Peer 1: 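If you scroll down you'll find the structure; I have some questions about it.
The first residue of the sequence shown is numbered 1, and numbering continues consecutively from there. In listed order, ligands and their atoms are each counted from 1. Keep in mind it's a predicted model, so treat the numbers as computed, not measured.
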Amino acid sequence: MYAEEFIALKASEALKALYGAEIDPSTLQVPATRKEFEGDYTLLVFPLLKLTRKGPEQSCEQIGSYLVSNCPEISSFNTVKGFLNLSLSNTFWVENLQEASTKDFSAPLSSTGRRIMVEFSSPNTNKPLHLGHVRNNLLGASVSNLLKAAGNEVIKTTLVNDRGVHICKSMYAWQQRFNGATPESSGKKGDHLVGDCYVEFAKMEKEDPSVMEKVHEMLVKWEEGDPEVRKLWEMMNSWVFEGFEQTYKALGITFDKTYYEHDTYLLGKELVQRGLDMGVFVKDPDGSVWCDLTADGLDRKLLLRSDGTSVYITQDLGTAERRFSEYKLDSHIYVVGDEQNYHFQVLKLILKKLGFDWADQIYHLSYGMVELPEGKMKSREGTVVDADDLIEKMYQEARESSEESGKLEDMSPEEKDRLYSMIGLGALKYFILKVDPKKKMLFNPKESIDFNGNTGPFIQYTHARICSILRKAAEKGLKPEVSAEVSLSPKEIRLVKLLQSYPRKVKEAADALSPALVANYCYELSKEFNQYYHDTPILKESSAPLLCSRLALISAIAAVLRGAMNILGIELPDRM
Ligand code: ARG
């Protein structure tokens, strides 16, 4: 049982016995005792004075004495100005450790009965994925894991914006300037080839702005279902999908369901018509359709162009409708960068105007930009960090730093390859996920791979270190097992406290949609373990029951690290 809950329960019993008060334990406040005082947890007695009808000091004395006399797990108390500091007994912590050592930390918390859809990644199909998408994918995947761990049913989805002006630009440039090049003929990954077309189009437009008209003609033809345009569109999209697939695989990203804009934009158009019929949208003389949001303090929002083609938000109306009706969602989270805050504000508002009550269950998880030490990434200036290049670079960094350490001589080339990839990706994922999603971040690959400090490799290394201790112990026939007679040191109690707080941390992080809380918890736990191990050479202990209890402690730490890092999508090697 959580120590805080245990104390709250006992305190409510004391209040009943002493003052005849019926108090719901969950309303009692029991924070950890501040470092400068003696004790483990502190009962805040001030809010209870109405019940005790005594002064703060006297109330603390009475409750404290009652607890110590009637509850063997509470070993002592002291009071400081209405704060009742309580110490828990060694037996309590040993039992807690016993519980931790048999617990499955990878199992989800009890079910909330809620079904949540998480949309992330959602690329346009006109260029390859870049560092911004990497943050998006990592956040989306780990928020999904986190919500699952907290007991929700989660559906991971993505929206592929596979139609529209952007892809027509790449298509037009390909027709004009690429002489029929294919991924095979050019030796390029498909998404990169299409990205080159997009860059080329930007040049063409600079030379002659009228090419935009051609692109719009193409878009109209696409919506009319012109066979040639559709064929080109299908071919180029298929190149891009193949390319994305490889990048997702390398990052370990999967989806339960994929939605395509070409599939939902017509439903969006139907909703636009419905809005016109309901009188919540207006048609301008030129034929374009708008939603007037000025009364809501926003602008007029374009929903259909005058040529009848659909815009970005049109499909989002249709996609949302389809998702809520297909899945009966309790909540829908969109992981999208903060440059689209306005878009999602408008989307929700328009869905409400169309009469969809579920629009209130839409939540935009808006994350900050990723910047490089050199500054902002700008596609036109070629300073975009490509996702594939980045993953490869992280692998190389991991290889270099591992080779420097020279500890892997006996590993096969395949084992080494697996390890470098785990470390490289672990570094990348951790570096990005340890930052609060809302904040913008600076990405520095060199710093991320550091085996010390708040990095993925440091936590991976800590885990590998524990595994190595457990292996050595096993060779001597020693197994993790808590024995009831051991007496735990203050550092050991600190570790047990951290372990038992893990499920709460998961809940807190899920409520905040912040994998960063899980990441930083892993760092705290790893740091505490390393300090403990530094002072306590576990394998040198002469008492076998104590040694085996310590093995149980560190084995539980390793299990928690695996569970927590799994939420972040980071693998932990057994050795490195
Ligand atoms: N494809 C869009 C972009 O690259 C992001 C889509 C976000 N999701 C959505 N449902 N609108 O900017």
Side-chain angles (χ1 to χ4, degrees), residues 116-141 143-144 155-170 191 194-195 198-199 219 237 240-241 243-244 247-248 253 255-269 271-272 301-303 310-327 329 331-351 356 358-359 361-370 377-380 384-387 437:
I116 306 177
M117 181 169 269
V118 182
E119 184 208 282
F120 61 101
S121 200
S122 304
N124 293 344
T125 54
N126 60 326
K127 53 178 193 279
L129 305 182
H130 56 65
L131 180 52
H133 291 108
V134 172
R135 186 175 195 194
N136 182 312
N137 280 288
L138 299 181
L139 271 176
V143 163
S144 302
I155 299 147
K156 291 187 289 179
T157 191
T158 190
L159 167 74
V160 187
N161 289 115
D162 61 349
R163 65 157 292 287
V165 175
H166 52 85
I167 177 75
C168 288
K169 287 181 182 174
S170 293
D191 50 339
V194 174
Y198 191 67
V199 172
L219 184 64
N237 266 342
V240 173
F241 293 147
F244 285 172
T247 311
Y248 285 143
I253 299 291
F255 303 100
D256 302 313
K257 169 89 186 171
T258 300
Y259 289 87
Y260 296 90
E261 174 168 353
H262 81 262
D263 231 12
T264 56
Y265 84 105
L266 287 175
L267 182 54
K269 283 184 153 185
L271 292 176
V272 172
K301 179 74 188 173
L302 179 71
L303 300 176
S310 100
V311 292
Y312 176 46
I313 200 164
T314 324
Q315 55 75 32
D316 256 332
L317 299 172
T319 313
E321 216 283 295
R322 181 164 294 173
R323 286 173 178 167
F324 273 92
S325 58
E326 276 180 357
Y327 285 97
L329 304 172
S331 164
H332 186 347
I333 296 167
Y334 289 84
V335 182
V336 181
D338 58 11
E339 72 277 7
Q340 295 198 25
N341 286 353
Y342 185 74
H343 173 79
F344 282 96
Q345 197 185 350
V346 168
L347 178 65
K348 274 183 80 156
L349 208 54
I350 294 182
L351 287 167
F356 298 121
W358 45 254
Q361 309 318 318
I362 287 179
Y363 182 82
H364 174 203
L365 174 51
S366 156
Y367 62 88
M369 296 245 297
V370 194
M377 297 196 295
K378 295 201 187 96
S379 21
R380 274 185 223 128
V384 170
V385 176
D386 174 73

Peer 1: Of the options Thr314, Asp316, Thr319, which is the one that meets Thr264 in a side-chain hydrogen bond (donor to acceptor under 3.5 Å, both in side chains)?
Peer 2: Thr319
Peer 1: When the ring centroid of Tyr334 is compared with that of Phe344, is the distance short of 6.0 Å?
Peer 2: yes
Peer 1: Applying a 4.0 Å heavy-atom criterion (strictly less than), which segment of Tyr259 is in contact with ligand 1: side chain, backbone, both, or neither?
Peer 2: neither
Peer 1: Atom 3 (C) of ligand 1: which protein heavy atom is closest, and how many Å away?
Peer 2: Asn124 OD1, 3.7 Å
Peer 1: Short list, please: which atoms of ligand 1 are under 4.0 Å from a heavy atom of Asp316?
Peer 2: 9 (C), 10 (N), 11 (N)
Peer 1: Report, in ascending order of atom number, the atoms of ligand 1 lying under 4.0 Å from any heavy atom of Phe344.
Peer 2: 9 (C), 11 (N)
Peer 1: May I ask you to list the atoms of ligand 1 that are less than 4.0 angstrom from any heavy atom of Val336?
Peer 2: 7 (C), 8 (N)
Peer 1: So Tyr260 and His262, would you call those rings parallel, tilted or perpendicular, with 30° and 60° as cut-offs?
Peer 2: tilted
Peer 1: For the residue pair Phe255 and Tyr248, does the interplanar ring angle fall in the parallel (under 30°), tilted (30 to 60°) or perpendicular (over 60°) class?
Peer 2: perpendicular
Peer 1: Hey, does Tyr312 come in under 3.5 Å of ligand 1, counting only N/O atoms on both sides?
Peer 2: yes
Peer 1: Verify, without hydrogens or angle tests, whether His364 (side chain) and Gln345 (backbone) share a donor-acceptor contact under 3.5 angstrom.
Peer 2: no
Peer 1: Could you identify the single nearest non-hydrogen protein atom to atom 12 (O) of ligand 1 and state the distance to 0.1 Å?
Peer 2: Gln340 NE2, 2.9 Å
Peer 1: Would you mind reporting whether Leu351 and Leu317 have side-chain heavy atoms less than 4.5 Å apart?
Peer 2: yes
Peer 1: At a 4.0 Å threshold, what atoms of ligand 1 neighbour a non-hydrogen atom of Asn161?
Peer 2: 1 (N), 2 (C), 5 (C), 6 (C)
Peer 1: What I want to know is whether Ser122 and ligand 1 share at least one N or O pair that is separated by under 3.5 angstrom.
Peer 2: yes
Peer 1: Side chain of Arg135, backbone of Gly368: donor and acceptor closer than 3.5 Å?
Peer 2: yes
Peer 1: Can you list the ligand 1 atoms lying under 4.0 Å from a non-hydrogen atom of Leu159?
Peer 2: 9 (C), 10 (N)
Peer 1: So for ligand 1, is Glu119 a polar contact partner (N or O within less than 3.5 Å, distance only)?
Peer 2: yes
Peer 1: Considering both backbone and side-chain atoms of Tyr334, is one of its nitrogen or oxygen atoms within less than 3.5 Å of a nitrogen or oxygen in ligand 1?
Peer 2: no
Peer 1: Counting distance only, does the side-chain N/O of Asn136 pair as donor-acceptor with the main-chain N or O of Gly337 below 3.5 Å?
Peer 2: no
